[in-house]
Amino acid sequence: MNESPVAHDHQHAHDAESVEHDDDVYDFAAIQAKWQPVWEELAPFRTSDPADTRPRKYVLDMFPYPSGDLHMGHAEVYALGDVLARYWRHQGFNVLHPIGWDSFGLPAENAAIKRGIDPRGWTYDNIAQQKKSMKLYAASFDWDRELHTSDPEFYKWNQWLFLQMYKKGLAYRKDSWVNWDPVDQTVLANEQVLPDGTSDRSGAVVVKKKLTQWYFKITDYADRLLDDLNQLEGSWPAKVLNMQRNWIGRSIGADVDFAIEGREKPVSVFTTRPDTLYGATFMVVAPDADLAAELVAGSTPEIQERFQEYLVHVQKSTEMERQSTDREKTGVFLGRYAVNPVNGERLPIWAADYVLADYGHGAVMAVPAHDQRDLDFARAFDLPVRVVVDTNAPLTGTIPVITEGMLDGSEEIPPLEPLDPVATGTALAGEGRLINSGPLDGLSKNSAIKRMIELLEANGTGRASKNYRLRDWLISRQRYWGTPIPIIHAEDGTEVPVPEDQLPILLPSSEGLDLKPKGTSPLGGAADWVNVPSPIDGTPARRDADTMDTFVDSSWYFLRFLNPTDDTQAFDPKEADKWAPVDQYVGGVEHAILHLLYARFITKVLFDLGHVTFTEPFSALLNQGMVILDGAKMSKSKGNLVYFTEEVERHGVDAIRLTMAFAGPPEDDIDWADVSPVGSAKFLARAWRVARDVTSPPEVEWKTGDPALRRVTHRFLADAPSLVEAFKFNVVVARLMELVNATRKVIDSGAGAADAAVREAAEVTAMALNLFAPYTAEDMWQRLGYEPSVALALWRKPDQTLLVEESVTAVVQVDGKVRDRLDVSPKISAEDLEALARESRAAVRSIGDRQIVNVIVRAPRLVSIVTRA
RNA sequence: GCCCCCGUAGCCCAAUCGGCAGAGGCAGACGACUUAAAAUCGUCCAAGUCUGGGUUCGAAUCCCAGCGGGGGCACCA
């Protein structure tokens with residue numbers, strides 16, 4: 001990065017100052033060095049005093065993963081989270097604002113493998129570095145509650161949580177096709193596979209592999225996870241609610257049972273369009289589903305061979321290829337037939353990879369006339385297509401618009417769309433009226449869906465049903481640096497949960513273990529650790545060698561902050577009643593689905609188990625955008641990284657924090673090329689000089705001060721709280737700049753530095769600046785004659801009499817155009833204002849000889865006169 | 001393909017309920033201070049709100065269509 005001229009100059013000023021010890025010059029480095037130890041001693045952000053009677057607020061910033069030193073993303077989240085934590089303290093709340101380390105996970109293990117070191121050492125070294133940076137950055141954390149998810153004191157309770165879920169059937173093992181990362185040699189959750197089919201960690205193309213893995217049954221909670229989003233409306237960003245809704249992806253429809261010739265049990269399929277059942281012309285099953293293998297086994301050897309070839313072909317194709325939308329349809333006929341329950345028709349059964357094994361029942365009824373995918377398949381294999389919904393039929397009684405030209409024959413009446421999907425290649429997916437459908441004929445799509453479900457239910461061949469895009473949460477990881485799963489496998493294959501009094505199961509030392517990815521967990525190589533007697537009968541048994549996804553840690557860590565050292569329980573329900581749920585959560589939008597969905601799920605599980613009394617973990621959410629550079633995401637490979645340490649050294653902590661707050665709405669990305677830490681530093685110096693210049697004593701009567709400046713100060717006091725609560729931090733900063741400018745003006749060219757209003761303004765500036773620039777604010781506070789800490793000062797009440805403006809400008813509009821401006825009393829009546837406006841010479845002139853037909857008066861701001869010629 | 005968000009000075013961004021388009025900053029120009037420069041202080045500067053319709057006394061704001069940008073989901077039946 002280029003050396004900025006101002007930073008250079010500042011360096012200059014700093015050098016000069018260190019020689020002359022000139023404390024009349026703003027020097028961020030000196031101020032930081034001065035206050036950090038004072039705060040360390042004072043610990044103003046402790047929350048553990050049981051006698052504290054202030055109302056409580058829980059403000060939580062997403063905890064960092066210690067992969068190195070802090071980066072610019074951290075600088076943003078902890079700056080913005082701290083604005084809110086500090087704000088609520090000024091409002092008289094006892095604010096719980098804890099911090100910890102999300103310290104289990106793959107990067108530590110990969111770094112350890114690369115360098116031949118211990119993941120534990122690497123992790124805790126990084127934590128030490130981040131902690132040092134975090135303390136310099138002056139986020140107002142209660143350090144007494146610091147936690148590390150990689151400490152046994154923490155992960156013991158992951159194991160406890162797992163056991164509670166296991167008991168309830170919410171943790172289970174199944175053999176299934178999973179996402180496999182061939183580089184990291186581990187399975188991944190669906191949520192960790194990027195839209196392009198690559199791993200969000202290694203970037204490798206994810207492949208499918210059939211493995212027995214542990215799952216959390218999040219799908220049992222799909223409805224609640226979806227429906228409870230309504231409660232969060234207005235408190236969470238609409239974008240995140242929308243993303244979670246898309247991710248859960250509820251589809252409403254019906255299960256339909258099809259008898260299979262030569263098979264005892266029928267096969268169920270899920271459909272959102274049971275109304276089109278009369279249009280079903282074939283059935284398709286997923287080639288990798290057990291059902292396909294079973295059906296083809298009853299077929300001819302020739303068909304079996306073709307199917308095997310196809311299956312191999314399908315499994316070779318990568319996730320990325322499979323997901324490309326405009327692929328040619330492929331498939332094989334299985335030589336078997338299903339029977340349509342409504343009309344007894346024989347439907348040939350095909351296997352094709354456009355049907356997914358793990359959605360619905362892994363089989364679909366194909367209605368090519370009304371489903372694009374089925375139509376593409378039918379056209380590729382020349383299968384029959386039957387139209388059962390007339391999408392040209394008028395539904396609402398409205399008829400097509402006929403223009404005059406059509407009536408006199410000079411224009412042609414547009415013909416109706418032909419109902420021929422085979423010819424057009426486009427399925428008729430829209431609204432319409434049912435045809436060729438026996439008892440459904442004439443019904444609209446929606447009525448037909450209802451009617452068909454009733455018919456199926458009456459016949460016992462189907463029922464209303466729902467399906468979700470969401471899959472169960474795969475939590476097993478074949479890696480070392482994570483929470484061991486508290487299950488022991490007996491020789492006969494039974495799963496034995498580890499008794500709770502034997503927790504925690506400590507992670508063995510990595511010494512002597514081969515951490516290199518090899519497809520099975522490195523823990524399997526720790527013979528002493530893995531081989532244990534069965535807790536039931538003492539026979540030889542083996543520990544489960546997999547570790548848990550680290551998203552398990554972060555799904556409940558907000559509760560552990562309530563009593564992080566308690567070794568008798570995961571969290572104290574009494575403390576949870578006091579503090580939880582989190583009142584304000586702050587973090588990056590990249591966690592909109594993963595972490596936030598998991599935490600919501602686990603909270604509901606804990607509620608059902610009776611451990612908490614709430615069902616949503618985070619009452620309000622602020623999702624800040626990313627810090628980018630020149631329009632692009634920062635990354636090592638692109639070489640466009642901005643380094644936290646460099647920026648802080650160059651501009652100072654306060655300038656960086658202020659820049660984050662001032663850049664724009666917090667949800668927007670901050671392009672570091674568009675913002676000016678130099679400008680922020682200039683403003684801070686300017687604010688600081690105001691405090692330096694104040695000459696009146698603290699006892700001075702504010703009332704005696706310059707009324708114009710006092711009005712600016714009190715307007716700020718009145719407006720800033722709602723702005724902060726609406727997350728409009730950039731506007732608050734702008735308003736502070738305005739206040740400082742107004743104060744400077746009074747000092748230099750008005751009443752002067754001794755004016756009481758100058759002191760009042762300076763004190764308010766110091767207090768409000770504490771939200772964004774705590775070092776500068778504290779130094780100003782001291783210069784103004786107060787003891788630390790300004791962070792504990794209460795927000796002053798605005799003087800209502802100063803908020804009333806002496807006069808306002810009323811606008812006079814004539815036919816929508818502004819014609820005059822009048823200075824009027826803010827209390828002027830509508831009648832008086834209208835009279836003034838009618839007398840306005842400019843208004844009279846522009847009305848001319850036209851007639852006034854209407855006058856709208858919005859006292860005291862506006863009069864709108866409407867005329868007619 | 002489905003869903004969501006956003007287009008305001010050269011740039012980043014403001015504009016409670018539909019009521020004077022501008023709060024703040026960056027960049028730029030000029031001036032004061034200085035032997036000079038930096039810092040500092042001051043003054044100035046620009047858009048009529050992406051385009052086209054509509055509703056309204058009045059639209060950046062609401063509605064419709066389009067253009068441009070961004071995001072989520074996606075062979076999910």
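Throughout, protein chains are lettered first and strands after them, A, B, ... in sequence-line order, and every chain is numbered starting at 1. As a basis for the values below, the full set of heavy atoms in this structure was taken, side chains included, without hydrogen atoms, waters or symmetry mates.
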Undergrad: If the P atom of B:U40 is compared with that of B:G25, how far apart are they to the nearest Å?
TA: 13 Å

Undergrad: How is A:V811 classified with respect to the nucleic acid when contacts are heavy atoms under 4.0 Å: base, sugar-phosphate, or nothing?
TA: base

Undergrad: Can you figure out which of B:C41, B:G71, B:A21 approaches the side chain of A:K239 most closely?
TA: B:G71

Undergrad: Want to settle it: does A:R735 or A:M365 sit nearer the 5' end of RNA chain B, counting the closest nucleotide to each?
TA: A:R735

Undergrad: Could you work out which one of B:U40, B:C20, B:G25 sits closest to the side chain of A:K682?
TA: B:U40

Undergrad: Say you pick atom C1' in B:G28 and the same atom in B:U61; how far apart are they, in whole Å?
TA: 31 Å

Undergrad: With a 4.0 Å limit, can you tell me whether A:R819 has a side-chain N or O closer than that to the phosphate oxygens OP1/OP2 of B:C57?
TA: no

Undergrad: Nearest-Å distance, CG (A:L229) to P (B:C4)?
TA: 16 Å

Undergrad: Contact class for A:R686 (heavy atom, under 4.0 Å): base, sugar-phosphate, or nothing?
TA: sugar-phosphate

Undergrad: Hey, does the side chain of A:K728 come within less than 4.0 Å of B:A15's phosphate (OP1/OP2), counting only N and O?
TA: yes

Undergrad: Examine B:A23: is either OP1 or OP2 under 4.0 Å from a nitrogen or oxygen in the side chain of A:N741? Give yes or no.
TA: no

Undergrad: For the side chain of A:E738, starting at C-beta, report the closest nucleotide among B:C75, B:C12, B:A23.
TA: B:A23

Undergrad: From CD of A:E834 over to P of B:C57, roughly how many Å is that when rounded to an integer?
TA: 16 Å

Undergrad: Between B:C57, B:G42, B:A77, which one does the side chain of A:R858 approach most closely?
TA: B:C57

Undergrad: Which value, in whole Å, describes the distance between the P atoms of nucleotides B:C20 and B:A15?
TA: 14 Å

Undergrad: Would you mind telling me which of B:C57, B:A77, B:A14 lies closest to the side-chain atoms of A:V866?
TA: B:C57

Undergrad: Heavy atoms only, 4.0 Å cut-off, all strands: where does A:D674 land among base, sugar-phosphate and nothing?
TA: sugar-phosphate

Undergrad: If you compare every side-chain N and O of A:R689 against the phosphate oxygens of B:C41 (OP1, OP2), does one of them come in below 4.0 Å?
TA: yes

Undergrad: Of the nucleotides B:G25, B:C41, B:U40, which has the atom closest to the A:M737 side chain?
TA: B:G25

Undergrad: Using a heavy-atom cut-off of under 4.0 Å over every strand shown, decide if A:A663 touches base, sugar-phosphate, or nothing.
TA: sugar-phosphate

Undergrad: Would you please say whether a donor-acceptor pair under 3.5 Å links the side chains of A:S680 and A:T659?
TA: yes

Undergrad: In whole Å, measure the gap between the P atoms of B:A14 and B:C6 for me.
TA: 12 Å

Undergrad: Might you point out which heavy atoms bring A:F270 and A:I252 nearest each other, and give the distance in Å?
TA: CZ-C, 4.2 Å

Undergrad: A:D693: what forms a salt bridge (charged side-chain N to carboxylate O under 4.0 Å, His left out) with it, not counting sequence neighbours?
TA: A:R744

Undergrad: On the 0 to 90° scale, with breaks at 30° and 60°, tag the A:F377-A:W350 ring pair as parallel, tilted or perpendicular.
TA: perpendicular

Undergrad: Classify the glycosidic conformation of B:C17 as syn or anti, calling it syn when the angle lies within 90° of 0.
TA: syn

Undergrad: Check A:D371 with A:R273, please: is the shortest side-chain N to carboxylate O separation under 4.0 Å?
TA: no

Undergrad: If I pick the C1' atom on B:G48 and the same atom on B:G31, what distance separates them, to the nearest angstrom?
TA: 31 Å

Undergrad: Could you tell me how far B:A9 sits from B:A38 if I compare only their P atoms? Round to whole Å.
TA: 31 Å

Undergrad: Identify the heavy atoms of A:K329 and A:F381 that sit nearest to each other, and give their distance.
TA: O-CE1, 3.9 Å

Undergrad: Rounded off to whole Å, could you give me the NE2-to-P distance for the A:H651 and B:G25 pair?
TA: 19 Å

Undergrad: Quick check: any donor-acceptor pair below 3.5 Å linking the side-chain of A:Q813 to the base of B:G19?
TA: yes

Undergrad: If only side-chain N and O atoms count, and only distance matters, is there a donor-acceptor pair under 3.5 Å linking A:D374 with A:Y354?
TA: yes

Undergrad: Report the glycosidic orientation of B:G54: syn if within 90° of 0, anti in every other case.
TA: anti

Undergrad: With the side chain of A:S251 defined as its heavy atoms from C-beta on, choose the nearest nucleotide among B:A77, B:C20, B:U40.
TA: B:A77

Undergrad: Please determine, for the side chain of A:N246, which listed nucleotide (B:U43, B:C3, B:A77) has the closest atom?
TA: B:C3

Undergrad: For B:G24, does OP1 or OP2 lie under 4.0 Å from any side-chain N or O of A:N730?
TA: no

Undergrad: On a whole-Å scale, what distance lies between the P atoms belonging to B:C62 and B:C17?
TA: 11 Å

Undergrad: Check whether any side-chain N or O of A:R744 sits under 4.0 Å from OP1 or OP2 of B:U40, and answer yes or no.
TA: no

Undergrad: Looking only at atom P, what distance separates B:C13 and B:C26, rounded to whole Å?
TA: 16 Å

Undergrad: Side chain of A:W247 only, please: which of B:C73, B:C26, B:A14 is the nearest?
TA: B:C73

Undergrad: Tell me which nucleotide among B:G25, B:C75, B:A14 gets nearest to the side chain of A:K329.
TA: B:C75

Undergrad: Record whether the side chain of A:S864 comes under 3.5 Å of the base of B:C57 through a donor-acceptor pair of N or O atoms.
TA: yes

